[in-house]
Structure formats: C-alpha cells, structure tokens
Amino acid sequence: LALSNAGIRKVRNLGLFGSLSFDVTDRLSVTGEVRRARDKLRRVAPTTATNPALRVQEATFKTTLPRFTVDYQITDDLLLYAIAAKGNKPGGFNGNPLLPANLQAFDEESAWNYEAGIKASLLDGQAIVNASGFYIDWKGQQLTNNFQPPVGTPLSYIANVGDVEVKGFEVEGQVQVTEELQLRAGYSFTDTEYVAGGVPEQAALFGGNPSIAGNQVPRSPKHLFNAGATWRDELTASVDCVLRADVTSRGDSYVQVHN
C-alpha cells in the first residue's frame, strides 16, 4: 500500500512455483520450472487535475512463466548449457492526473529469452573461460516518455512503446598468472532493434510518423568491454596487501527511443 500526492496505490502479488529435474545420464540433465503469478493493482486518485472526485482504477495481470534448462557436462572441466525462459513485468498506472486519459495506464511487458553457452576450466583450474550467445523476443516494452501539456513543464509517464528483438554474445575469462597475480577480461556484443511500435513524440520530431521500427533501444550500447588485474600478497601472518585495477569501455548508445 503506497500513499502519495497522486493517490493511494495498492499492489497484491500471489505466486506459485514448481521445479522438476531429471538426470538423463550421469552427464546430461534436464530441468523444467514454472511460476504462476497474479498481480492485482488498485489505485484511488482524483479523476483529473481540475476534478477532485475520486476515481478507482483496478487491473489484474495473470502470467505463467516457464523456464527450461539443459546441462551437458562433457568433461569435468567443460560444460555446455542451453536455457529458454519467459519473464514479465506487470503493467500499472501513471499517477499524474494532468496526463490525458489514454496515458493513465500501461500494460505488462513480457520476453522470451534463449541462451546457449559453454563454461570451461583450463590449466588445472588456473583459468576459466565462459562464452554464450543469446536472443530475446521482447513484447510490449515499457519505457518512460515525456508528455507536454498545454501549460507547464513536461510530464513523465510509462507506456508500452513496442516490440524488440535482442541478439548478441558475450565472453569472459580469468587466469591466475602467479600465486599473487590474477588477470580478467570480458566483452559483450548486443544488437537491439524495435521491430514494431511507436510513440507520439516520434511523430512530432519526424514529420508525423510515430513508428520507431528499426530504432535501437535507448541506453543499450552494442559494445561493452572490461578488464582488470588483482595483486594479492601476504605482508604478515595477519595482514594481506591487495592491489586492484579495472578498466571499462562502453560503446555509443542513444538516450531516447527516437535515436
């Protein structure tokens, strides 16, 4: 239960979870999981900025979220895995009575995530390498936008802007060079693209066309890189010296959905 100047908001969440694992062989295992959830929202707030009469808004979101995992331990030091899972974020209400009626509520978003990868331990455990590829089918993405009323400053609101495809890969590793020195590095490539959707601000900026199809998801750089080193040495029986250095590089990204 939350109380604010935008009204009273109440959220009730109920969930049921189950999991079943099966060892096909001593090296191959399969796991299935499912979560059934219900989110019930209720909001009591003024009807509009000029109408103080209270209005009750209610919505219920019911979802079934499965997850499937396959692990294949090729050797004691080499694991192959694959995952398919569905996730969601319930919808809700925008709490500002100054917003027009069509912007007062937003629907849930959902996504199917598919991932396959490898985890390897090398050099008698002195080195670790992990690599994976992924694909995400994202429906009804929720995103914060701005609405400009006739008078006053812009108002923030959440809306379902469209459907997104995400694909990419990532690789990371670390190696214990000496007893004192450890090196690590990682890189990821992520390609995001709206395949459908639109927002009113897009139409205002680009000559009446609200479509964002082909645009990149905001704040989602294609390239991410990190590297680091740690030096750990024993000064005395009770005091260790630890020196650490890290560097991170992020590729360019758009701040807004309009690109």
Side-chain angles (χ1 to χ4, degrees), residues 15-37 63-89 109-139 141 164-193 217 219-233 240 242-251 253:
L16 182 65
F17 175 80
S19 176
L20 178 64
S21 296
F22 178 69
D23 292 329
V24 182
T25 69
D26 60 343
R27 293 194 176 272
L28 176 64
S29 64
V30 179
T31 301
E33 303 167 79
V34 65
R35 184 177 187 272
R36 178 66 176 173
T63 54
T64 300
L65 304 175
R67 176 185 173 94
F68 307 98
T69 306
V70 178
D71 289 333
Y72 182 41
Q73 194 78 48
I74 299 178
T75 69
D76 291 344
D77 298 323
L78 185 60
L79 171 70
L80 294 179
Y81 71 91
I83 299 172
K86 184 180 181 181
N88 86 309
K89 182 190 292 185
E109 66 176 17
S110 64
W112 269 101
N113 177 64
Y114 306 91
E115 180 181 345
I118 184 173
K119 297 182 179 182
S121 177
L122 309 172
L123 304 176
D124 294 327
Q126 296 300 301
I128 296 175
V129 176
N130 300 324
S132 65
F134 54 86
Y135 174 81
I136 302 174
D137 184 13
W138 196 346
K139 301 295 185 184
Q141 185 200 43
V164 183
E165 283 188 354
V166 182
K167 51 193 173 185
F169 67 89
E170 56 186 9
V171 59
E172 62 179 2
Q174 68 178 44
V175 58
Q176 196 71 36
V177 181
T178 67
E179 184 176 348
E180 297 83 12
L181 178 62
Q182 181 192 83
L183 301 179
R184 57 193 173 274
Y187 169 77
S188 67
F189 172 82
T190 306
D191 183 31
T192 66
E193 182 181 352
V217 173
R219 304 186 185 278
S220 179
K222 285 191 174 184
H223 305 281
L224 287 174
F225 172 78
N226 66 84
T230 300
W231 178 276
R232 183 186 298 271
D233 201 2
D240 287 345
V242 179
L243 301 176
R244 174 169 176 156
D246 292 282
V247 61
T248 300
S249 175
R250 296 171 58 91
S253 63

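Just so you know, these numbers use all the heavy atoms, side chains as well, and skip hydrogens, waters and symmetry mates.
- Other residues, nucleotides and ligands place more than 12 heavy atoms under 6.0 Å from the CZ atom of R27.
- Rounding to the nearest 0.5 Å gives a distance of 12.0 Å between OH of Y72 and CD1 of I118.
- To the nearest 0.5 Å, atoms CH2 (W231) and CG (L181) are separated by 6.0 Å.
- Few gaps surround CZ on R36; more than 12 heavy atoms of other groups in view lie less than 6.0 Å from it.
- Judged as a salt bridge (charged side-chain N to carboxylate O under 4.0 Å, His left out), not a single pair has a partner in residues 121-134 (not counting sequence neighbours).
- Residues K139 and W112 are not in side-chain contact: their nearest non-hydrogen atoms beyond the backbone lie 4.5 Å or more apart.
- For the atom pair CG of D137 and OH of Y114, the computed distance is 6.5 Å after rounding to the nearest 0.5 Å.
- The list of salt bridge (charged side-chain N to carboxylate O under 4.0 Å, His left out) pairs with a residue in residues 127-136, not counting sequence neighbours, is empty.
- Partner of N130 under the side-chain hydrogen bond (donor to acceptor under 3.5 Å, both in side chains) criterion, out of K119, E170, E172: E172 alone.
- Although no hydrogens or angles enter the test, the distance criterion places a donor-acceptor pair under 3.5 Å between the side chain of T75 and the main chain of D77.
- No option in R244, R184, Q182 other than R184 meets the side-chain hydrogen bond (donor to acceptor under 3.5 Å, both in side chains) test with T230.
- Taken from CD in E165 to CH2 in W138, the straight-line distance is 13.0 Å, to the nearest 0.5 Å.
- Side-chain atoms of R35 never come within 3.5 Å of backbone atoms of F17 as a donor-acceptor pair (strictly under, hydrogens ignored).
- The CD atom of Q176 sits 11.5 Å away from the CG atom of L123 when rounded to the nearest 0.5 Å.
- Note: N113 CG to I83 CD1 = 7.5 Å, rounded to the nearest 0.5 Å.
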